Structure formats: C-alpha cells, structure tokens
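The structure under discussion appears below in the form of structure tokens.
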Amino acid sequence: MDIPYTVAPRPDTGLYNAKVGIWLFLASEVMLFGALFSSYILLRVGAPEGYWPHGWLNVPVGTANTLVLITSSITTVMAWASCKMNQFGRFKFFHACTILLALTFVCIKSYEYHDKFTHYEIVLKDGRIADGHIVENNPKADHVVIAGHYVTDKKELYDLSGLSAFHKHAELSIPREQIADMERYGPWHNTYLAIYFTLTGLHALHVIGGAIVISFLWFTGRKMWESDPERFTNRVEVSGLFWHFVDLVWIFLFPVLYLI
Amino acid sequence: MHPHEAHHEDAGFWRTYVFSTDHKVIGIQYGMTALCFLLFGFCLMMLMRWQIAHPGEAVPVIGPLLAAIMGPVAAKGIVSPDLYNMFGAMHGTIMVFLAIVPLAFAAFGNYVVPLQIGAPDMAFPRVNMASYQAYVIGGVIMLTSFVLPGGPAQAGWTSYSPLATSIPTDGQTFWIIGMVCLITSSLLGAVNFIATIIQLRAPGMTWMRLPFFVWAQFVTAFLLLLAFPPLEAAAIMQLMDRVAHTSFFLPTGLAVGGNLAHISGGGSPLLWQHLFWFLAHPEVYVLILPAMGIVGEIIANNTRKPLWGYKSLVYSVLTIGFLSFIVWAHHMYLTGMGIRIATFFQTTTIIISIPSVIILTCMFISLWGGSIRFNTPMLFVMAFLPMFGIGGLTGLPLGFGYSDIHLHDTYYVIAHFHYIVAPGTIFALFAGIYYWFPKITGRMMNEFWGRVHFWLSLIFMNFIFQPMFAQGMAGMLRRMADGGANYSQARTPGLTGGLSSTMMGLHTWILWAAICLGIAQIPFIINLFWSIKHGQPAKSDNPWQATTLEWQTPTPPPHGNFAHAPQVHRGPYEYSVPDHDTDFTPQNEPEETAPGKRRPIPEHAPA
Amino acid sequence: MDAVTHPEEFRHHVRRYLFVFYALLFGTLITVGASYIPFGNHEINIAVALFIASGKAFLVAGYFMHLISERKMIYGLLAFTVFFFAGLMALTVYAFGDFPRSTIMH
C-alpha cells in the first residue's frame, strides 16, 4: 500500500501531506524566533536608561536588504504560479531570480557583519574612549589608526541615531602603550550586538538553507516536472512557504533592530 | 510511483536494518537505543547512590575502571563532588532526553501509531529516518562528552546560567550541541506524527474512533513541536555565551572565582530559566502522556470492556496539552517572583491537575465490572494507576507557592517526579513492551519471569522513592554530593533542623533497594532477548484478542502494513458487545448485515 | 489554491500578487520614513513600526502564503502557536516586572 495524499489533497482536510508538514514546521519556527524576540524585549527593557544602542546599524543598507527579500518573495510566488500555469521556463526564470536575490541578501549581510567586526572601541589609559573603524592595525607598529572620534563618557557612544549613515570620521592615530582595552563590535561587546548577531545570524542560516533547497529544485527539477508535474509543483509551493516565512521574519527583524 | 514491495526485495542489510525508512524498523531502532541509554542512566544513578550512602569511599569493583576512564576527577575510584555533579547532570539529561522520550514517544509511537490508524507508514518516511539519525548523533555527542578532558556537563540537566557558562570544560559545550541535535530529532518526529495522524487515517477512522494511545501521541507531538523551539533558542544563546562570550544570561558585575568576569554584562540568568522551563514543563507531560495512552490500550484489552469515559479522556488530554504551556514558572517560585505572577502560575498549575485526575479516574472506573486478565502487561498497568496517583498527589504541595518554599529543591521533589516517571511511565513502557512484543516478533515473552520482573520492580521502586518524601520534608536538599552529611546532626550535634541519623540512615536502605532494583531488571533483559527466538509462539496474529488495527495485520506486519487501506466501521474498544459471538470486534471487521447493528458512518467525515 | 490549474484564473491571482508586492514596497518605505518622524514619545515610534510590520506580515502570510484562502486546520494550528508565543512573551516580561519591591532590582 502506498502512502496516500502525497500529491492529491485529502478530501476532509483539503491538504496534501507536505503542506501540513511545512505549516507544522513553520509553527515551530514561529516559536523559535518568538523566543529570540522575547529575549530581545527582556534585554532591552532590562538595560539601564540610555544604555541601549540606537542608530548602530546602517538604515539604507538594511532597507536595501528588505527590498531584496520582498522582491525574492514575489519571484517565489511567481515561480509557483508559473508551475501552476504549466510554464516551466518561467518557473526557472523566477526562481533563478530568487536564488540570486538570496545571494545578494547574504552578501549585503556579510558586508554589514564585516562593518561591525572592523569597528573598535578603544579604552585609553587616560580614561578617554576612541571609537571607530580600523584603518591600520599592524601588530609590529606601535600605533593603531582608526577613523573615528574620541568621547569621554561611554554613554555618548550609544545613541547615534542623529548621525548620517555616510558620515566621514577623522583618522586618529593611537599609540599602543596608551591603550588599556581594545574590543571590536562583536556579539560579546554588549547584549544589543549579541541579540543582533544571533537573530540575524540564525535568520541568515535560514536564508541559506532555503536557497539551497530552491537551488536543488531548480537544478534537478526538470526530471520530476516531466514525470509528475503536480508533485513538483507541490514541492515548489512547500519550499516557497518556507521562503515566505523567512521574509516574514525579516519584516519584523528590520524595524526592531534597525529602526526602533 | 512504483509499489514499495518490489523495491524492497533486494534492499540489502544496510537499507533494511540500518538506513531504513520503514516506521517499524525505526521504531525498533529507537526502542533498542533508548533501552541502552535507560540502562546507562541507571548505572549513573547507582554510582551517585553509592557516594551518597558511603561518602568519600571508593566505588567497589568498578572504582579502578572509573578512575581510568574519568581521570583525576575519579581519583582512587572515589566519586568526587565534581564527578557527582557530572553524574547528576548526565543522569537527568540521559533519562529524560535519550531514554524516556525516545522510548515512549518515538519508539512506541513510530511502531504502533501508523498501524493503529490504518496507514502504510508515516507521512514522511525519510524525515523519520533523519530524526532517528539526529537522535543517535545527539546521543553520541552526549556520550563523547564523558571522555573529554574535564568530563561531561556538570550544571544539572537544567544547565542554569551563569554556572553553566562559567564551567570551562568542552563537555559542558558538548551538552548544548547534543541538546540541539536531540531537539532537532524531536521536532522532525513531531511534524511527522501530527501530519500522519491528520492525513493518513484509514477510511472510516474518524477522530473519535481513534485509540486513546493515538490521541495521547498526537497531543505529545504538539507539545514537542511548540515547546522545544524556545529551548533551542536558549541553547543557542547559552552556546553563544560560552563560545562567543556574549552575555545573554550573564548579569553585570558577575564574578567568577573571585574575579570580575571580562564580559559585557547586561544579561539575565532568569531569562534562561524562563526559556528552559517553558520547554521543560511540557516536557514532563511528554514523559507521561504516551504512558497514559499505553495504559488505556492495555486496560481496555484486559478488562474486555471499553474504556470508561472515552470523550472525557480525549478532552482531558487536549486540555492538559493546552494548559501545560502556561504553568512553567511553578519551577521558579523561589526566584523572587512577585505575588501576582506567582498567583497566576499557581492557579494554572492547580487547574492542570484536574484533567490529570479525570484521566486517572476514567482508568480506575474502567476496571469496574471488567473481566480482568492478570497478565504481565495488565499487572504493570494496574500498578501504574496508584503509583501515578501518588506521584500526582505529591505534586500538589509543590504547585502551591507557600508549601513549595519549604519543599523546593529537596528530596521531596525528587521523590515526586520519580514516582511519576519510574513506577509511572517506565511501568507503562514495560507493559507496552510485554504487550506489543508478540506483534513484533510473533512470540510471547515468558509470563513467569514477567511477573517476577513486575513484583520485584514494584517493591524496590517504592523502597527507593518512598523514603525520599520523608527526607525531603526533613530538609534534605537535592544535588548534594555528600548526601546532606554537612547538615546532619552527626556533624553538628544539636543543630536546629539538622538531618537526623534516621534520615541519613535511609541512604543505605535506598542504596540496597537500588541494587535490588537493578538485579530485578536482569530477568527482563534476558526475557526480552531470549523470547525473540525461543519465546512461546503467539497463538495467532492477535493473541490478546484486541480490537485495534495493529492486531489485524500479519505478524510481523509487512512493509506497507496493509495490502489495501482498511475500512473502519466502529470505535476502538468494542469489547463484550451484547449479542455478539466473540467478546471483541476488531475496528475493521466488516459490518453485519443484521438491522439494528449497523451504524454507517461516512468515509471521510469532517475532522 | 489547491484547485486544478486554470491558467486564465491564475492571471487574476498574478495581478493580486503584484499589488501585494507594491504594497510591501510602499510599506517598507513608510516604515523607514516614519522612524524619522519625532512623535515625542519614543513608544509611539515603536508602535507605528510594529503596526506597519504587522500589516506587511499580514499581506505576505495572507496572499503569498495563501492563508487567506487556506483551510481551517492551518488557521487553528497558527492560532494556537500565536497564543503560546504571546503567552511566552507576555508572561516572561510580566514575571520580570513583578517582584517584591523591597528586594534589589535585578
């Protein structure tokens, strides 16, 4: 006896098996990201007044990434619609776009991560703090050069929302012997960055995972399309549902991390 | 799509027994692996009980082996405090996540559920195989942590930060990675179970004709699906704390070993507790619900009458599932909670006891007027009822914040939950093994040794856990490597609230009971393996004369289970129906044409 | 959406998808724009941003994920999920806020 309802929907539920499966899985993903969002709320509410960062992320770049994902969402649904309308060629076109957009998203995200990992906070022995992006950090040299500024109170580093994203900083040369502590803006730097890297990192893993699945369908799809087009269309739909969920998460991530 | 039967003629050893997608093979794989972990977890407990009863003395016989494997922390074969903590953490982790859940949910569920609903397999067979493999990988990671320098995790199965973050060993990190693998396995399994039960019920198998076991597994799957992800998120964050030096759960000003930790701070240890218990409370229902399902099946079968209150059972199990998500902070009454939030959780906690009592009551009433057959499965199941009753009732003082202040983190808690899991769940699982053994192998397990196993296990489990209630009420705390010697009257005579010599003396009693309990499992292990080839052959494909669909197949069921989808005509417990020739009517038996006996139900009634 | 394919019908669906796409683009732009508007109280900015995000989420879930025409069973599953997610968030945040005031703030 073969497993029923793998393609044709079961009459009383109106669903085929994989669709039930993917929605169940997405429900668990809602709980996963939900727990992380809850943690974000708690960490932020628990932070002392004035010590939660604002404006640390590049809004134009984040907006671009949002538009990239939204576009990939429409191409995904169009890919499925093309299958439904029996147009395999258009399916290939739309999902090629989806895959390229996914790669674009990951590239932009990598650029953003790189930006954080080259951003240093240097506490000097005289109590001042130098903060900026690394220009020169030759271990043999006795100076570290960053493009940044000095502040006297760490609190001044937290609210950068007034600053333009394309603001240019002066270059500062700091003698190594004056440095008490030098730390870059990684997840260890404060809880905002910790939750930022964790949320966006987990999301990026989902983007990559979804892109891999869609790529697999794109590269190997013709065989199943020719033997069982309905089953293939269902696979496209199910992977599309996952992709839309990934987009949904970003729709909330973007304002939460970048804007508010 | 080609038929599966032809495909499996030449599958070979590896595809048939190791990399199988057949739910029955996977069920057995889960079962065997889980039983091995159950034994291993038991051995860890024995080592702990030795240390408690004989603090600072070398473990007899295997002391040198312990020292060889575990290194300096087991120097001279003595269970040092650090080693005790390792055993404690791993005993809990292994028993919950590697033994009971895989056995109760994955093993029994995988084997029985598709058969009971009349399906050819699970909805997603390859996902099923993947979930077993993820389980094995998680288990291997957990076991590997024992032989890493520094040993395995030692922060309890609850892995509270900041302790769990401050322990510098790789073993502690491996625990987190192992947990992520196990969570993945459970999530994949949960998706499979729910989709299967929704989509693959045979024609005529409406929701209210499902065996109670299937309902129990259905709700269990939902608990796993929705409750595990927050722990996965928390595990990721704790891993980040350990490896990337973030401060999700580390507060500002944390000092480790007298020195200020070089961290950003700003995190909250309570956040870990909330996320952990959000899973871990539904998890305990995951431990008990499949057992209740098994109990229901075996009671109906061995009383030769329908379960009393089927609808109440179904609604109760759904209610338990729902409520279990909003009671978790009753594990956190002593974290400095305010009155309002504590009241909320006390209220939901007490309310959730109601459906549990309803289920137990329905089971008890089901015995009334029954034509009871006292075979081994039935003995275990009948013992389950009062044992679970004790476990459940002793939970009430823990559910109320006021009394929990005195009992929290004492041996009373240990006694409470072990009563539920040991003479509770594990008894039901033993019953299930004796019960379904003939369907899997075509042979019966030996009845005499089954009874020996039952009586000895019942007696010694009670001997182990009953005294712990007294010890807990006397103030003996959990997780103390010296068994409370530091707080005893013997150490400090006249100490107010000090543990009396009676309370301390119970440790020896418990140790001997544990040894005897271990010995009592030997007949079971021998019986299990010996009966596979030499057990008395089952008289038929349905030796228990049961009504549910898994007994209406050949033995063992072939790949694909049923040649054609069975047509279900009636409910799951049509035993002793008046005016019938036999005292049971299988669910798929064709309807008699006599008027008055026919109650046609449409094929695919709305769910 | 599980119905037999009818290419003509689908063009009607495709138009709907395009409208949703434009709405999402628009929604993104106004989210960013609104974040720069000084409402005085920062909480209002948060509320506006989340409100617009919820609107966009509704469009993606409703139209791209076909939820608007999906079966009751999926709604039911999601309703429970949302309830438990809300419970996790609300109860945890509430628990953090409710503690005996005489103890030291954590």
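When reading the values below, keep in mind they use all heavy atoms of this one structure, side chains included, and skip hydrogens, waters and symmetry mates. On a predicted model such as this, the values are computed, not experimentally measured, just so you know.
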Between C:L88 and B:P230, which heavy-atom pair has the shortest distance, and what is it?
CD2-CG, 4.0 Å
Beyond-backbone contact of B:M337 with C:D98, side-chain heavy atoms, under 4.5 angstrom:
no
Scan for side-chain hydrogen bond (donor to acceptor under 3.5 Å, both in side chains) pairs involving residues 314-330 of chain B, sequence neighbours excluded, and state none if there are none.
B:H274-B:W328, B:H281-B:H330, B:H330-B:T349
Answer yes or no: are there more than 12 heavy-atom neighbours, outside B:I350 itself, under 6.0 Å from its atom CD1?
yes
Please tabulate, for the side chains in residues 217-228 of chain B, all donor-acceptor contacts under 3.5 angstrom to protein atoms that are two or more places apart in sequence or on a different chain.
residue : atom : partner : partner atom : Å
B:Q217  : NE2  : B:A104  : O            : 3.2
B:T220  : OG1  : B:A216  : O            : 2.6

Hey, is CZ on B:F344 packed in by over 12 heavy atoms from elsewhere, all under 6.0 Å?
yes
Gap between atom CG of B:L270 and atom OG1 of C:T92 - 0.5 Å precision
10.5 Å
Should we count CZ of C:F58 as having more than 12 external heavy atoms under 6.0 Å?
no
Can you say whether B:L271 sits under 4.5 Å from chain C via the side chain, the backbone, both, or neither, judging by heavy atoms?
both
side-chain hydrogen bond (donor to acceptor under 3.5 Å, both in side chains) pairs touching residues 225-240 of chain B, sequence neighbours excluded, are B:S159-B:Q238, B:S161-B:Q238
Taking 4.5 Å as the heavy-atom cut-off, does anything in residues 74-87 of chain C contact chain B, and if so which residues?
C:L77, C:F80, C:T81, C:F83, C:F84, C:G87
